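These numbers come from a predicted model, not from an experiment. Hydrogens, waters and symmetry mates play no part in the numbers below; they use all other heavy atoms, side chains included.
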Amino acid sequence: MADTTYTMAHWGTFRTEAGRQPRLHPLAGDPAPSDLGLSMSSVLSDSARITQPMVRAGFLSDGPESRVRRGADPFVPVTWSTATRLAARELDRVRGTYGNRTVFGGSYGWASAGRFHHVQSQLHRFLNVAGGYVRSVNTHSHAAAEVTIPHLIGSTGGMGAHHTPWPLICGHTELFVAFGGLSEKNTQVSAGGVAEHTVPRWLEQCHATGTRFVNVSPLRSDMAPGLDADWLPVRPGSDTALMLGLAHTLEADGLTDRAFLASHVCGFDRFAAYLMGQTDGIPKTADWAAELCGLDAETIRALARRMAKKRTMISVAWSLQRADHGEQPIWMAVTLAAMLGQIGLPGGGFGVGYACANRVGNVKSTVAWSALPQFTNPVADFIPVARVADMLLNPGTPFTYNGQDLSYPDIRLVWWAGGNPFHHQQDLNKLLRAWRCPETVIVQDAWWTATARHADIVLPCTTSLERNDLGIAKDEPLLVAMRQVAQPHSQARNDYDILAEIAAHMDLHDTFTEGRDEMDWVRHLYDTSRATAAAKGIDLPDFDQFWQDGLARFELQEEPRPLLADFRRDPVAHALPTPSGRIEVFSERVAGFGYADCPGHACWLPPREWLGHNTCTPDMLHLVSNQPMTRLHGQLDNGTVSRASKIAGREPATFNPADAAARGISEGDIVRLSNARGACLVGARLSQDVAKGIVQLATGAWFNPEHPGQEGSLDLHGNPNILTRDAGTSQLAQGPIAHSALIRAERFTEPLPPVTAFDPPALLPPQS
């Protein structure tokens, strides 16, 4: 193994062969390696790569007054000295004139799997050294759950970590009811890195040992065919109604675990009064639920009775809470699990996010691996992560979040490094309007993404194959020496070196770097991690041996435990950190916030846009913008795997054959999807695995407006967020609601404009 080179990415660990286009091979022993990482080499020097620092031409000539031309202006290549001095000058100007409360640090965390070159940590460290910044809280993946679950159980256990692990599901769970399915395509990835793709193997073993699966989703493909799942094609947005119908059957049939509710749960009587119709005159029966969710009432009753008789795991995909009133399916799933009384038992209870990422369901490691210190942010202001456009458009406007009365800051400078808001924000035409508001936009990126195209100053950064780093897969027994295997493309620099030079212009270099270069930091992070691991009984080699070997494997020390096992065993000695110390089916705290769109218990609140709305006409379809199979969000859309999936260069969208026939759409046609918010072109695929009334369009196609910088322009590439609505889940969490969107579809018969998403923008001659 000596001198073999490896790299870790969000989609796997790979053995690498150095060269101008390094060759990548999946790590030996990975039971289900992903092809996504094979695109990493193909994009190192493609047409979308940014070759040197760039400044928008209008910004050079007219400064911030030209911000209305973002996205339309050509760019001017400049030297690194010019670019870093300009970035330092702008940050100094804005913080000196308006204060650090007008600087927004917009980095998002998926940019790199390495512990040192994690660009969110890099940027936040730099901005904290420079006096602080306005930050965002929560994640696009599961914002509503992050806020809701702590009100119910006092922590975020069972959402991103501390799930009942797969070893305690396999052989214990008799019935696995998956709201939103268990899509194996999502298990290709995990934030921070993947050592081995284990979820498909665990699911196969569960099936082999007797677990029976129920796929509650408008997509049959949300569960692998080999699991022989029962498919319940629920109407999107109605999962809470279905759960209420299940709960009513349990209560009406006397199947509720009264002893568990009495000893471990607070507020069930308040919820039960709503469930049985005593508070609003509407019993939430299976027949009531069937009308809303599009399923047969007897199917609902039969499922409820199966759940009561079997050891049942209730799983909720992260996608369900990315919808209007997304807090409710999370709250209702916990409530339903409490009624069954199996929380804390092997194979029973609930989990939010199974199969949403490879790490979900791993045995939780207690080793706190080292990361780049970010220092303390002196600025207290923040926004919920999905409220970027509202912040930029409405400075000073009040908003509510999780019981707090806040107001949007007046942002004058946006600095984005890692992530792509023109991928993960909703209603891109609204974002275009908002993006013209700040005086200055600085972007660090490796490729000409839409965010880079809408910047004033563009600083080209390296990719993980072009630098040295330390890879640690969360909750997996592997450390990776991520040795550089390719030279930086053209003039690209590491994010750390970019920020260090800007810090030097601001007399902050020594504080930012602490006198360390790249390899000093990589060694430091490994050595401190090694000491932490040693305290947990894990013996790792010294750094030089590790760096030569390329990998360090070890044994995890933790035993698998069910979620909330100690609480179940003794709810007094192990009381939960909720106000009552119990699972709060009814929360006095949330009720006290007075939010009409999120009361104190789970309830049915119909989405503003869904197929059950009385304004929904027969020509409307529900858009399901799920995670892609061929890339990670928008990452590697320019790679070989993603490009091969396109139809005439457009993102494929899948229709039920009956819906396609009603619109004259055939396999391979180019289709225009539209609503009042915007329109995009897609390539048509037909499948019975998509329920009637649904169109499935994966997220992540790079935004490609026909007329750059022009609001209302047709997106040529198939980005679903030109169609999705930008509003909060509720006043509680203010999470994104991408999955609450209705659209229309028609064959596109006009001359087909070329896709230019992967071509660089117009460039002027370099500045001397």
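Looking only at distances, a side-chain donor or acceptor of Gln328 sits under 3.5 Å from a matching main-chain atom of Cys603. His325 places no side-chain N or O within donor-acceptor distance of the main-chain N or O of Cys598, the cut-off being under 3.5 Å. Side chain of Ser217 to main chain of Asp222: no donor-acceptor pair is present (N/O by atom type, distance under 3.5 Å, no hydrogens or angles). A donor-acceptor pair is defined here as one N or O able to donate and one able to accept, closer than 3.5 Å; such a pair exists between the side chain of Arg643 and the backbone of Asn638. Checking side-chain atoms of Asn429 against main-chain N and O of Arg677 turns up a donor-acceptor pair under 3.5 Å. Not a single donor-acceptor pair under 3.5 Å links the side chain of Asn138 to the backbone N or O of Val385. Judged by distance alone, the side chain of Asp427 and the main-chain N or O of Arg725 form no donor-acceptor pair under 3.5 Å. Without hydrogens or angle criteria, Arg135 side chain to Phe382 main chain gives no donor-acceptor distance under 3.5 Å. Side chain of His622 to backbone of His739: a donor-acceptor contact under 3.5 angstrom is found. Arg650 places a side-chain N or O within 3.5 Å of a backbone atom of Ala648 that can act as its donor or acceptor partner.
Within the 4.5 Å cutoff, the side chain of Trp288 has no heavy atoms near those of the His248 side chain. No side-chain heavy atom of Asp715 sits under 4.5 Å from any side-chain heavy atom of Leu723. Taking the side chain as every heavy atom from C-beta outward, Asp726 and Arg387 approach each other to under 4.5 Å. Side chains of Thr400 and Phe593 form no contact here, defined as non-hydrogen atoms less than 4.5 Å apart. With contacts defined as side-chain heavy-atom distances shorter than 4.5 Å, the pair Val641/Trp11 does not qualify. In this structure, the side chains of Trp604 and Ile282 stay at 4.5 Å or more apart for every pair of heavy atoms. You'll find the side chain of Leu732 reaches within 4.5 Å of the side chain of His151, heavy atoms only. Side-chain contact between Phe758 and Asp637 is present, with heavy atoms from C-beta onward closer than 4.5 Å.
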Given the rule in the side-chain hydrogen bond (donor to acceptor under 3.5 Å, both in side chains) test, do Thr139 and Glu146 qualify, once you have shown the distances and angles that lead to the verdict?
CA-CA 8 Å; Thr139 66; Glu146 288 177 65; 2.6 Å; yes
Test side-chain contact (heavy atoms from CB on, under 4.5 Å) on Leu203 and Phe176 and set out the steps.
CA-CA 10 Å; Leu203 290 172; Phe176 199 119; 5.6 Å; no
Show your reasoning for whether side-chain hydrogen bond (donor to acceptor under 3.5 Å, both in side chains) applies to Glu327 and Thr729.
CA-CA 7 Å; Glu327 296 85 357; Thr729 49; 2.7 Å; yes
Would Val147 and Tyr401 count as a side-chain contact (heavy atoms from CB on, under 4.5 Å) if you check the C-alpha gap in whole Å, the side-chain angles of each, and the deciding distance to 0.1 Å?
CA-CA 9 Å; Val147 176; Tyr401 167 78; 3.6 Å; yes
Starting from the C-alpha separation in whole Å, work towards a yes-or-no answer on side-chain contact (heavy atoms from CB on, under 4.5 Å) for Asn719 and His717.
CA-CA 6 Å; Asn719 187 315; His717 195 203; 6.0 Å; no
Under the side-chain contact (heavy atoms from CB on, under 4.5 Å) rule, what do Leu246 and Ile300 come out as? Steps first, then yes or no, please.
CA-CA 6 Å; Leu246 295 169; Ile300 299 173; 3.8 Å; yes
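Taking the six-membered ring where tryptophan is involved, the planes of His423 and His633 are tilted, since the angle between them lies from 30° to 60°. A tilted orientation is assigned to the rings of Trp435 and Trp416, their planes being inclined by 30° to 60°.
Considering NZ of Lys185 and CG of Leu36, their distance stands at 11.0 Å, rounded to 0.5 Å. To the nearest 0.5 Å, atoms CZ (Phe399) and OG (Ser407) are separated by 7.0 Å. Rounding to the nearest 0.5 Å places CE of Met332 at 3.5 Å from CZ of Phe271. Once rounded to the nearest 0.5 Å, the distance linking OG of Ser587 with CG of Leu152 reads 7.5 Å. Atom-to-atom distance recorded for His601:NE2 and Leu275:CG is 9.5 Å, nearest 0.5 angstrom. Distance CD1/Ile743 to CG/Leu623: 6.0 Å, rounded to 0.5 Å.
For Arg663 and Asp619, the salt-bridge test fails: no basic side-chain N is under 4.0 Å from an acidic carboxylate O. Using a 4.0 Å cut-off between charged side-chain N and carboxylate O, Asp280 and Lys284 make a salt bridge.
A donor-acceptor contact closer than 3.5 angstrom is absent between the side chains of Arg359 and Ser190.
When every heavy atom of Ala741 is checked against every heavy atom of Glu609, the shortest pair comes out as CA-OE1, 3.4 Å. Shortest non-hydrogen contact noted between Pro736 and Gln426 is CB-OE1, 3.3 Å. When all heavy atoms of Leu621 and Leu611 are compared, the pair lying nearest together is C-CD2, 4.3 Å. Shortest non-hydrogen contact noted between Gln188 and Ser34 is OE1-OG, 2.8 Å. The minimum heavy-atom distance linking Trp448 with Pro761 is given by the pair CD2-CD, 3.3 Å. For the residue pair Tyr408 and Asn394, the shortest heavy atom distance occurs at CB-O, 3.4 Å.
For Phe655, there are no ring pair (Phe, Tyr, Trp, His ring centres under 6.0 Å) partners at least two apart in sequence or on another chain.
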Which pairs of donor and acceptor atoms, one on a side chain in residues 691-703, lie under 3.5 Å apart (sequence neighbours left out)?
residue: Gln696; atom: OE1; partner: Thr654; partner atom: OG1; Å: 3.2
residue: Gln696; atom: NE2; partner: Asn626; partner atom: OD1; Å: 2.9
residue: Trp702; atom: NE1; partner: Gly634; partner atom: O; Å: 2.8

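A 6.0 Å sphere centred on CZ of Arg608 holds no more than 12 heavy atoms belonging to other residues, nucleotides or ligands. Environment of CE in Met620: crowded, with over 12 heavy atoms of neighbouring residues, nucleotides or ligands closer than 6.0 Å. Summarising the local packing, CD of Glu667 is surrounded by more than 12 heavy atoms from other residues, nucleotides or ligands at distances under 6.0 Å.
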